[in-house]
Q: 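Sharing a structure with you now.
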Amino acid sequence: MTELPTSGDFAAIRRGFDPDPSRSFSLAAEAYVAPAWFRADQDAILARSWQWVCHVEKLREPGAYMATEIAGRPIVVLRDGDGHLRAFYNVCKHRAHMLVQGEGRTNRLMCPYHAWVYRLDGQLARAPHTETLEAFDKGEICLDAVQVEEFCGFIFVNLDPEAVSLSVQSGDLETEIRHWAPDIADLTFGHRLTYDIKSNWKNVVDNFLECYHCPTAHKDFCTLVDMDTYKVTTHGIYSSHMADAGKSANSAYDVSNATVRTHAVWWLWPTTCLMRYPGRSSMIVLNIIPIGPDRTLETYDFFLETPDPNAAELESIRYLDEVLQAEDIAIVESVQKGMMTPAFTQGRIVNDPEGSGKSEHAVHHFHGLVLDAYAKAAP
């Protein structure tokens, strides 16, 4: 197993960072390339933060379950028979086999290895051929629980049993989202895009958090939104990215019949991005899934007014998939290659005190949260 950074590494990783974004350098390249720092990301960030799982529609009915992984650890989230939302490590207490895969409906969790059966409250109900065991009481055996919370129509989990609830940690985020997307809980799944990216997850987040690169790298996007209205505001564990839709024809996709005329985007520490693009009422959830020091998975889930995207939404999905994502993936993979050379250690943060989209102050905000997490985990 990869060792964690040393106490000296944790102390040194803050070099160049300044609380004032106009004076600060970016996070050091070693945090993006070294296996030890990826291990620190898993332990200090991913396993201690609220992670997106799914829309509430997947787990509305009693017995509904969904298996996932958080920080490389198997988790199952379910709705028990009394309607309570629960989450557990997806690990049998007998020999550590995973209990379920995928998603579905059930009235019990039965391990496919030796058929130990658990109730939906996690309590062991049956363990075959254990009648002759000494000092064995199945009433003392229960799956390890994980914190779970419904937030803005979505399900999140946190592996840290001491973590403060997401609704408290995130301050005014829910109020802000529901102002711009009041129907968020009523939307339904329509489409998923998936990507396997040769880059560290923090490069993916960095790129998402600034539009300084947009005029150069995303020329179509700059016709979709009015860049003069693009504003980015940072808060405790999230940032808001807002712009009006463009006022004339654009080269991205048709919005002539759009009912939503605002580009509203929220990034929630550390890996969840909620996006409401111009068009029909919708919400896109970008889930950033760190896999290794130089590998990240992404899922883009489109939640729409109807299960089937209409013609305009199909065109917007095509644009996001074939144009915008292709541009961004090329960017972050190039940056990852550059960070693995001796030619780069860290760069300056470009900051606009007025908070425009063509500024990297939200990247600086993210780096501050990363460094704070590292500091709490330091030996």
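No hydrogens, no waters, no symmetry mates; every other heavy atom, side chains included, goes into these values.
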Q: Please determine if Asp160 and Arg48 form a salt bridge, counting it only when a charged side-chain N lies under 4.0 Å from a carboxylate O.
A: no
Q: Are Phe366 and Tyr238 close enough that their ring centres sit under 6.0 Å apart?
A: no
Q: With rounding to the nearest 0.5 Å, note down the distance linking OG1 in Thr272 to CG in Leu286.
A: 8.5 Å
Q: Can Ser167 and Glu174 be counted as having a side-chain donor-acceptor contact under 3.5 angstrom?
A: no
Q: Yes or no on side-chain contact (heavy atoms from CB on, under 4.5 Å) for Gln42 and Trp37, after CA distance, side-chain angles and deciding distance?
A: CA-CA 9 Å; Gln42 287 187 305; Trp37 284 113; over 6 Å; no
Q: Please check if the number of heavy atoms outside Lys337 that lie under 6.0 Å from its NZ is greater than 12.
A: no
Q: Does any N or O in the side chain of Glu315 come within less than 3.5 Å of the main-chain N or O of Asn310, such that one atom is a donor and the other an acceptor?
A: no
Q: What distance separates Tyr89 OH from Met98 CE, expressed to the nearest 0.5 Å?
A: 14.5 Å
Q: Hey, are Ser282 and Glu305 close enough side-chain-wise for a donor-acceptor pair under 3.5 Å?
A: no
Q: Assess the residue pair Phe25 and Thr345 against the criterion (side-chain contact (heavy atoms from CB on, under 4.5 Å)); give the C-alpha distance rounded to whole Å, side-chain angles, the decisive distance to 0.1 Å, and a yes or no.
A: CA-CA 10 Å; Phe25 281 82; Thr345 53; over 6 Å; no
Q: Any side-chain to backbone donor/acceptor pair from Arg79 onto Ala64? Under 3.5 Å, distance only.
A: no
Q: Answer yes or no for Lys202 and Tyr32: cation-pi contact, defined as NZ/CZ to six-membered ring centre under 6.0 Å and angle to ring axis within 45°.
A: yes
Q: If you group Ile, Leu, Val, Met, Phe, Trp and Tyr by side-chain heavy-atom gaps below 4.5 Å, do Met340 and Phe38 land in one group?
A: yes
Q: Does a side chain donor of either His263 or Asp226 reach within less than 3.5 Å of an acceptor in the other side chain?
A: no
Q: What is the distance from atom CG of Asn90 to atom CD1 of Ile75, rounded to the nearest 0.5 Å?
A: 7.5 Å
Q: Taking Val53 as the starting point, is it possible to reach Leu120 by hopping between hydrophobic residues whose side chains are less than 4.5 Å apart?
A: no
Q: Do Thr262 side-chain atoms and Ala264 backbone N/O form a donor-acceptor pair below 3.5 Å?
A: no
Q: Is it the case that one hydrophobic cluster holds both Ile291 and Met339, taking links as side-chain heavy atoms less than 4.5 Å apart, direct or via other members?
A: no
Q: Donor-acceptor pair, Ser26 side chain versus Gly347 backbone, under 3.5 Å?
A: yes
Q: Mind checking whether His213 and His218 have parallel, tilted or perpendicular rings, split at 30° and 60°?
A: perpendicular
Q: Would the distance check show the side chain of Ser22 and the main-chain N or O of Asn351 forming a donor-acceptor pair, the cut-off being under 3.5 Å?
A: no
Q: Give the intermediate values and the outcome of ring pair (Phe, Tyr, Trp, His ring centres under 6.0 Å) for residues Phe302 and Tyr277.
A: CA-CA 11 Å; Phe302 293 77; Tyr277 273 56; 8.6 Å; no
Q: Looking only at side chains, do Asp294 and Asn200 share a donor and an acceptor under 3.5 Å apart?
A: no
Q: To the nearest 0.5 Å, tell me how far Lys219 NZ sits from Leu224 CG.
A: 15.5 Å
Q: Check the side chains of Glu298 and Thr194 for a donor-acceptor pair under 3.5 angstrom, ignoring hydrogens and angles.
A: no
Q: Do the side chains of Lys93 and Asp144 get close enough for a salt bridge, i.e. N-O under 4.0 angstrom?
A: yes
Q: Any chance the side chains of Tyr374 and Asp41 put a donor and an acceptor closer than 3.5 Å?
A: yes
Q: So, the side chain of His365 versus the backbone of His235: is there a donor-acceptor pair under 3.5 Å, distance only?
A: yes
Q: Do His241 and Ser239 meet the criterion of a side-chain donor-acceptor pair at a distance under 3.5 Å?
A: yes
Q: At what distance, to the nearest 0.5 angstrom, does NE2 of His97 lie from SG of Cys111?
A: 6.0 Å
Q: Output all residues satisfying salt bridge (charged side-chain N to carboxylate O under 4.0 Å, His left out) with Asp321, sequence neighbours left out; order by chain, then residue number.
A: none
Q: Once rounded to the nearest 0.5 Å, what's the spacing between atom NE2 of His364 and atom CD1 of Ile349?
A: 6.5 Å
Q: Crowded around Gln101 CD? As in, over 12 foreign heavy atoms under 6.0 Å?
A: no
Q: Does the pair Asp206 and His367 meet the rule for a side chain to side chain donor-acceptor pair (under 3.5 Å), with working shown?
A: CA-CA 9 Å; Asp206 287 350; His367 292 177; 2.9 Å; yes
Q: Between Val205 and Tyr195, is there shared hydrophobic-cluster membership here, with clusters defined by ILVMFWY side-chain heavy atoms closer than 4.5 Å?
A: yes
Q: Please check if the side chain of Glu149 supplies one atom and the backbone of Leu166 the other of a donor-acceptor pair under 3.5 Å.
A: yes
Q: With a 4.5 Å limit on heavy-atom distance, are the side chains of Asp301 and Trp52 in contact?
A: yes
Q: Just do the side chain to side chain donor-acceptor pair (under 3.5 Å) check on Glu176 and Ser240 with the steps written out, would you?
A: CA-CA 9 Å; Glu176 191 173 322; Ser240 306; 2.3 Å; yes
Q: Using the side-chain contact (heavy atoms from CB on, under 4.5 Å) rule, take Tyr65 and Arg105 through it: C-alpha gap first, then chi angles, then the decisive distance, then the call.
A: CA-CA 6 Å; Tyr65 71 87; Arg105 293 278 298 278; 5.7 Å; no
Q: Salt-bridge test for Arg280 and Glu313: reply yes if a basic N is under 4.0 Å from a carboxylate O, no otherwise.
A: yes
Q: Any carboxylate oxygen within less than 4.0 angstrom of a Lys/Arg side-chain nitrogen, looking at Asp196 and Arg295?
A: yes
Q: Regarding Asn203 and Gln336, is there a side-chain donor-to-acceptor distance under 3.5 Å anywhere?
A: yes
Q: Ring centres under 6.0 Å, that's the criterion: do Trp50 and Phe151 meet it?
A: no
Q: Would a distance-only check, ignoring hydrogens and angles, find a side-chain to backbone donor-acceptor pair under 3.5 Å from Glu210 to Tyr212?
A: yes
Q: With clusters defined by side-chain heavy atoms of hydrophobic residues (ILVMFWY) lying less than 4.5 Å apart, directly or transitively, does Val232 cluster with Leu369?
A: yes
Q: Is the side chain of Thr341 donor-acceptor paired with the backbone N or O of Gly338 at a distance under 3.5 Å, no angle test?
A: yes
Q: Quick one: do Ile45 and Val370 satisfy side-chain contact (heavy atoms from CB on, under 4.5 Å)? Show the steps, please.
A: CA-CA 7 Å; Ile45 297 176; Val370 169; 4.1 Å; yes
Q: Quick one: does Gln346's side chain get under 4.5 Å of Arg15's, heavy atoms only?
A: yes
Q: Do Arg73 and Val146 come within less than 4.5 Å of each other through their side chains, counting heavy atoms only?
A: no
Q: If you measure from the Lys or Arg side-chain nitrogens to the Asp or Glu carboxylate oxygens, is any gap between Glu3 and Arg39 under 4.0 Å?
A: no
Q: Under a 3.5 Å distance rule, please check whether Thr6 uses its side chain to pair with a backbone N or O of Asp9 as donor and acceptor.
A: yes
